[in-house]
Amino acid sequence: MEFRDSPAEAAFRQEVRAFLDAEFPPEFAERPVEWGLFNGAGRAVPGFAEFMREWTKKLNARGWGAPAWPKEHGGGGLSVKEQFILSEEFAWRRAPRPGGIGHGWAGPTIMVYGTEEQKREYLPKIISGEHIWCQLFSEPGAGSDLASLQTRAVRDGDDYVINGQKIWTSGAQHAHMGILLARTNPDAPKHRGISYFLVDMKTPGITVRPLVNMLNSHEFNEVFFEDVRVPAKNLLGEENRGWYLATTTLDFERSGIATSVSHQLIVRDLVRFAKESPVGSRSVATRPSLRTELADRAIEAQVESLISYRIISMQERGQIPNKESSIAKLYSSELDVRLAVTAMHLAGLYGQITDREDARVLGGRIARFYMHSTTSPIGGGTSEIQRNIIATRGLGLPRG
């Protein structure tokens, strides 16, 4: 890995910094971050929704709304290293970027497998933010073993009729569209016979039921399909080949550098809390081991950044990270938990306070961060799955 920017990369980094200096409002930049919930300005800040609409327009004007997308589809066409620099600089400023399922998954898959009509219909609306997307993959009996899914899609004339249930669908309550995996051939081996659909979430027969977590936050949902008719033109790619579409990965920058920077910023916030807060300073004074614990978290956050650099260096050389991505996901998820535990050690019994007005424990952020961190080793592929990938693909150990 070449840690120094080339002259062209240094110029691009300076361009990004100048843009943030000029355009990112201080009232959002200086707001305390809700750790683990949103790596950027807080959605609860008055005027944030209006800000994001204008912010998205400004980013799209530079191609930074979807920096990895080709220019012909409204993206920036940035190189892997330029995407990395953009992610890194935005993360250090805690500046939000458009994203989610539409930008990161639906759009790229439509680019590769979609018809010209599908590209014209959906890609511009993803870029503009007009369409919010959700991912309808996991089921009550098909999570880590996704290929066991049972939601059925049966062809009926010009439509497919879909019946089944999805679960843990993030943002389904806000989504305009969803990417859906459903079984179209129940007699085929489980990785075959699955098709990939683009579904209008307002279609009759779709019911979204909230799943409220222990933060009393509505992030996930159950989604039920009862005789939902999806036009056949909304099939993406070939029938029964949906599994292979779902595993599509493009040469986009997915190093995890934004999460690494976020963890480094959390360490800084905790050190400041230990120095300036009566609660934190008292904890450190009575428990000197907390200094060592904070030092450990600081070192681990730096190690995480080096793992990210390794991935980006592979992508720059045209290689596809595999076990390396699992290493990064595993390390990052479990560091999230360790950071939350350290925060609770600093807060002591005050760490149970969730009141956003209580300044003693950063407006209850420590308690909420701790509860939210419990999801990190689960979402996006459990730690057990990541360890299996590292063992088999990285260490060459036998299965079973």
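Numbering of residues begins at 1 and proceeds along the displayed sequence. As the structure is a prediction and not an experimental result, all values here were calculated from the model.
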TODO: Give a yes or no on whether the ring-centroid distance for Trp55 and Phe24 is below 6.0 angstrom.
DONE: yes
Open item on the list: Please enumerate all residues that pass side chain to side chain contact (heavy atoms under 4.5 Å, CB included) together with Tyr331, with sequence neighbours excluded.
Closed with: Glu300, Val303, Glu304, Ile307, Leu335, Arg338
Task: Pairs meeting criterion salt bridge (charged side-chain N to carboxylate O under 4.0 Å, His left out) with involvement of residues 174-189, two or more places apart - done: none
- [ ] Using the test side chain to side chain contact (heavy atoms under 4.5 Å, CB included), find all partners of His103 that sit at least two apart in sequence or belong to another chain.
- [x] Ala66, Pro98, Ile126
Open item on the list: Going by ring pair (Phe, Tyr, Trp, His ring centres under 6.0 Å), name the pairs with one or both residues in residues 261-293, residues two or more places apart or in two chains.
Closed with: none
Open item on the list: By the salt bridge (charged side-chain N to carboxylate O under 4.0 Å, His left out) test, which pairs, at least two apart or in different chains, include something from residues 380-389?
Closed with: Glu334-Arg387
Task: Pairs flagged by salt bridge (charged side-chain N to carboxylate O under 4.0 Å, His left out) wherever residues 194-206 is involved - sequence neighbours left out - done: none
Open item on the list: According to ring pair (Phe, Tyr, Trp, His ring centres under 6.0 Å), who are the partners of His176, at least two apart in sequence or on a separate chain?
Closed with: His131
TODO: Output every pair passing ring pair (Phe, Tyr, Trp, His ring centres under 6.0 Å) with a member in residues 279-324, not counting sequence neighbours, ordered by first then second residue.
DONE: Phe3-Tyr309, Phe84-Tyr309
Task: Which residues share a ring pair (Phe, Tyr, Trp, His ring centres under 6.0 Å) with His218, sequence neighbours left out - done: none
- [ ] Only pairs at least two apart or in different chains count here, so list each side-chain hydrogen bond (donor to acceptor under 3.5 Å, both in side chains) that has a residue in residues 281-290.
- [x] none
TODO: Verify the neighbour count for atom CD of Glu23: are there more than 12 heavy atoms of other residues, nucleotides or ligands below 6.0 Å?
DONE: yes
Open item on the list: Tyr160: which residues meet the ring pair (Phe, Tyr, Trp, His ring centres under 6.0 Å) condition with it, sequence neighbours left out?
Closed with: Phe197
Task: With Leu397 via side chain to side chain contact (heavy atoms under 4.5 Å, CB included) - residues at least two apart - done: Ala391, Leu395
